[in-house]
Novice: 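Quick one: this structure, given as structure tokens, is what I'll be asking you about.
Throughout, numbering of the chain's residues begins at 1 and tracks the sequence. If you're wondering where the values come from, they're calculated on a predicted model, not measured in any experiment. Counting starts at 1 for both ligands and their atoms, in listed order.
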Amino acid sequence: MEIFYALRVLQHRGQESAGIAVYSNGIKSMRGMGLAHQALRPDEIRDLKGEMGIGHVRYSTVGSSSMDNAQPVVMSTNYGDIALAHNGEIVNADQLRNELKKKGWAFATTGDSEIIIRLLANDIASTGDPARAVRNVMSLMSGSYSITLMVDNRVFALRDPYGIRPLCIGRTKEGYAAASESVVFDTLGGEFIRDVEPGELVELLPGEARSVKTGLAKGRAHCMFEWVYIARADSCLDGRLVYDVRRRIGQRLAVEQPVDADVVVPVPDSGRSHAMGYAEKSGIPYSEGLMKNRYVERTFIMPEQTDRSTGVMLKLNPLKSIIKGRRIVLVDDSIVRGTTMRKIVQLVRNAGAREVHVRIGSPPIRAPCYFGIDMKTRDQFAATGRTVEEIGKMLTADSLGYVSVEGLVEAIGLGSSDLCLGCLTGEYPVAVEGEKTRFQKKLDSFA
Ligand code: AMP
């Protein structure tokens with residue numbers, strides 16, 4: 001039941017499918033489509049008892065949104081059962097899959113998790129040592145991965161060599177656990193202990209979280225979009241509370257992109273803390289001028305563009321008493337395609353706003369993400385081939401301003417060399433075919 005509650009706490013990270021695998025004399029699992037409480041009915045979960053377990057909520061980047069790709073993925077091997085839950089993206093998955101196919105392996109799903117679990121099963125079969133097998137497979141994979149893994153009755157948590165996606169460990173009443181975000185431990189009456197280090201493998205034992213040396217750490221490249229949008233504001237990621245970061249971004253935005261206006265209106269929920277910071281620094285009053293229907297899912301999770309625009313209308317309703325006749329600063333976390341913001345600007349105009357100024361808590365998204373955010377092609381981005389002024393026109397806004405890359409990095413409070421800024425700069429921490437690698441310029445200058 002604890003895992004189920006944890007999945008509900010992490011529901012914002014994925015709403016396509018959910019699943020749980022537990023160990024009790026072998027691994028038993030349950031998976032379903034939709035939100036955790038739809039996918040896993042509480043009365044059914046009660047029968048899924050075990051001494052330990054893992055769970056997953058899915059937001060798809062690679063592989064279709066279907067039951068076949070729901071996680072945890074479970075496989076049985078000679079050594080015992082294996083279950084795996086993965087957040088991230090393996091950039092050399094196709095290469096690995098093709099190499100394995102040549103050896104005669106067949107694959108049942110289109111996702112990259114199956115490749116990982118098959119490689120693991122194979123390695124464990126030959127070495128009989130799960131920790132060593134995990135380390136071996138980590139050394140084959142390139143990309144981002146925060147993984148929880150159960151090999152028979154042993155539970156592991158591992159993070160890629162740059163720590164691109166978040167992962168932390170903590171203690172609950174039941175013992176040690178790992179989760180994508182610290183908020184799980186706060187809300188389940190547990191205690192957050194620490195982040196899993198880049199390239200670290202941790203075994204969760206009844207009385208201990210034992211770190212296993214892998215020697216694979218390569219530095220840091222934490223995804224900036226976690227602080228901007230993905231994570232919950234009350235989570236602390238790699239030492240930085242998301243709420244504080246968002247507020248600092250908003251403050252910085254007010255300094256970099258000031259405007260004469262009457263009221264700061266956040267786009268709920270994602271723009272709220274940024275808007276708070278903007279209001280504090282600019283001195284313009286903050287008002288919740290858009291009401292949100294909290295029963296409609298996060299719009300980005302809807303894979304189809306058409307769903308996304310109707311989603312906006314279902315989700316937000318303007319408060320005329322706040323908006324009518326006023327000059328509004330609308331603050332949101334980011335613009336990807338611009339569909340959402342264009343609709344919102346029009347909603348606010350229709351509610352009688354005199355002027356609508358848009359301020360955005362991240363720099364323009366210009367390049368695809370290969371590491372776990374579903375932003376795959378340049379032609380979908382509002383910023384592709386447009387100046388900021390042109391994007392503003394497309395949004396039908398009176399003005400548009402983004403926070404700068406430097407401003408964002410300062411607000412996060414980690415150096416730019418500790419962050420993945422790939423979608424902003426087009427330079428990535430891990431080699432991706434056809435793309436520039438981070439710090440490449442520096443290395444080139446030695447040639
Ligand atoms: P858009 O309409 O594409 O500009 O998106 C608007 C909102 O959804 C912003 O808050 C974005 O941060 C978020 N968003 C858009 N696309 C994605 C995506 N693929 N993954 C995560 N968040 C997204």
Novice: Do Ser60 and Glu16 get their side chains close enough for a donor-acceptor pair, meaning under 3.5 Å?
Specialist: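 There is such a pair (donor and acceptor under 3.5 Å, judged by atom type) between the side chains of Ser60 and Glu16.
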Novice: Would you say Glu2 and Thr172 are linked by a side-chain donor-acceptor pair, where the criterion is simply a distance under 3.5 Å?
Specialist: yes
Novice: Considering only heavy atoms, which of Thr340, Ile360, Val228 lies nearest to atom 1 (P) of ligand 1?
Specialist: Thr340
Novice: As a test of understanding, state which of Arg13, Gln71, Arg31 forms a side chain to side chain contact (heavy atoms under 4.5 Å, CB included) with His56.
Specialist: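 It is Gln71; the other options fail the test.
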Novice: Heavy-atom contacts with Phe225 under 4.0 Å: which atoms of ligand 1 show up? List them by number with element.
Specialist: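 Reading through ligand 1 atom by atom, the close ones are 12 (O), 21 (C), 22 (N).
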Novice: With a 4.0 Å heavy-atom cut-off (strictly under), which part of Thr339 contacts ligand 1: side chain, backbone, both or neither?
Specialist: both
Novice: Residue-level breakdown please: for Phe381 versus ligand 1, do any non-hydrogen atoms fall below 4.0 Å on the side chain, on the backbone, on both, or on neither?
Specialist: neither
Novice: Answer side chain, backbone, both or neither: which part of Ile373 comes under 4.0 Å from ligand 1, heavy atoms only.
Specialist: side chain
Novice: Are the side chain of Arg438 and the backbone of Ser417 linked by a donor-acceptor contact shorter than 3.5 Å?
Specialist: yes
Novice: Mark yes or no: Arg118 above the aromatic ring of Phe107, with NZ or CZ under 6.0 Å from the six-membered ring centre and no more than 45 degrees from the axis.
Specialist: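 Yes.
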Novice: Numbering the atoms of ligand 1 from 1, which are under 4.0 Å from a heavy atom of Met375?
Specialist: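 Once the distances to Met375 are compared, the set is 19 (N).
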Novice: Are any of the N/O atoms on Ile335, whether in the backbone or the side chain, positioned under 3.5 angstrom from an N/O atom of ligand 1?
Specialist: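 In fact, backbone or side chain, Ile335 has no N or O that close.
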Novice: With heavy atoms of Tyr59 as the reference, note each atom of ligand 1 found under 4.0 Å away.
Specialist: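 Result: 18 (C), 19 (N), 20 (N), 21 (C).
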Novice: Looking only at side chains, do Arg8 and His37 share a donor and an acceptor under 3.5 Å apart?
Specialist: yes
Novice: Will you find, in the side chains of His12 and Glu181, an N or O donor that is under 3.5 Å from an N or O acceptor?
Specialist: yes
Novice: Would you check whether Met341 reaches within less than 4.0 Å of ligand 1, judged by its heavy atoms?
Specialist: no
